[in-house]
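Atoms considered below: every heavy atom in the structure, side chains included; atoms not considered: hydrogens, waters and symmetry mates. One is the number of the first residue; the rest follow in order along the sequence.
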Amino acid sequence: MVVRSLFLVSRVVRRTIANDSHGEEIKAFVITTEAAQITEDELIAWSKEQMASYKYPRLIEFVEALPMTATGKILKRELGRAR
């Protein structure tokens, strides 16, 4: 994902979530680097410039860790349940 190329972001996962007016929206779960001081609005604005209008996340959630399997794969379905 393009957001990962931003040096302030350590890891990111995108998920679609239900939206009443559009059906689905893109939500990004982001782990930032330790020195990062970036807001949700700044990250969305940066994403808007770098991605097509249908690809950039409308919602950002900063998390400390992502749910993973023993082999290191991200459990995307767990992100949907936990939030």
Is the backbone of Y56 close enough, under 3.5 Å, to the side chain of R58 for a donor and an acceptor to pair up by distance? yes
Answer with yes or no whether the hydrophobic clustering places L59 together with W46; edges join I, L, V, M, F, W, Y residues whose side-chain heavy atoms lie under 4.5 Å apart. no
Would a hydrophobic clustering, with Ile, Leu, Val, Met, Phe, Trp and Tyr connected at side-chain separations under 4.5 Å, put L79 with I17? no
To the nearest 0.5 Å, what is the distance between CG on L66 and CZ on R11? 7.0 Å
Determine whether a donor-acceptor pair (N or O, by modelled atom type, separation under 3.5 Å) exists between the side chain of E42 and the backbone of T39. yes
Nearest 0.5 Å please: distance from the CZ atom of R15 over to the CD atom of E25. 14.5 Å
Does any non-hydrogen side-chain atom of P57 lie less than 4.5 Å from one of I60? yes
In terms of hydrophobic clusters joined by side-chain contacts under 4.5 Å, are M51 and V30 together? yes
Within this structure, what is the CG-OG1 distance for the pair L8 and T33, rounded to the nearest 0.5 Å? 5.5 Å
Could you measure the distance from the CZ atom of F29 to the CD1 atom of I74? Nearest 0.5 Å is fine. 11.0 Å
Test log, rule side chain to side chain contact (heavy atoms under 4.5 Å, CB included), inputs K27 and R14: CA-CA 6 Å; K27 181 175 185 176; R14 288 186 327 173; over 6 Å; no
Interatomic distance, I26 atom CD1 to K55 atom NZ [nearest 0.5 angstrom]: 9.0 Å
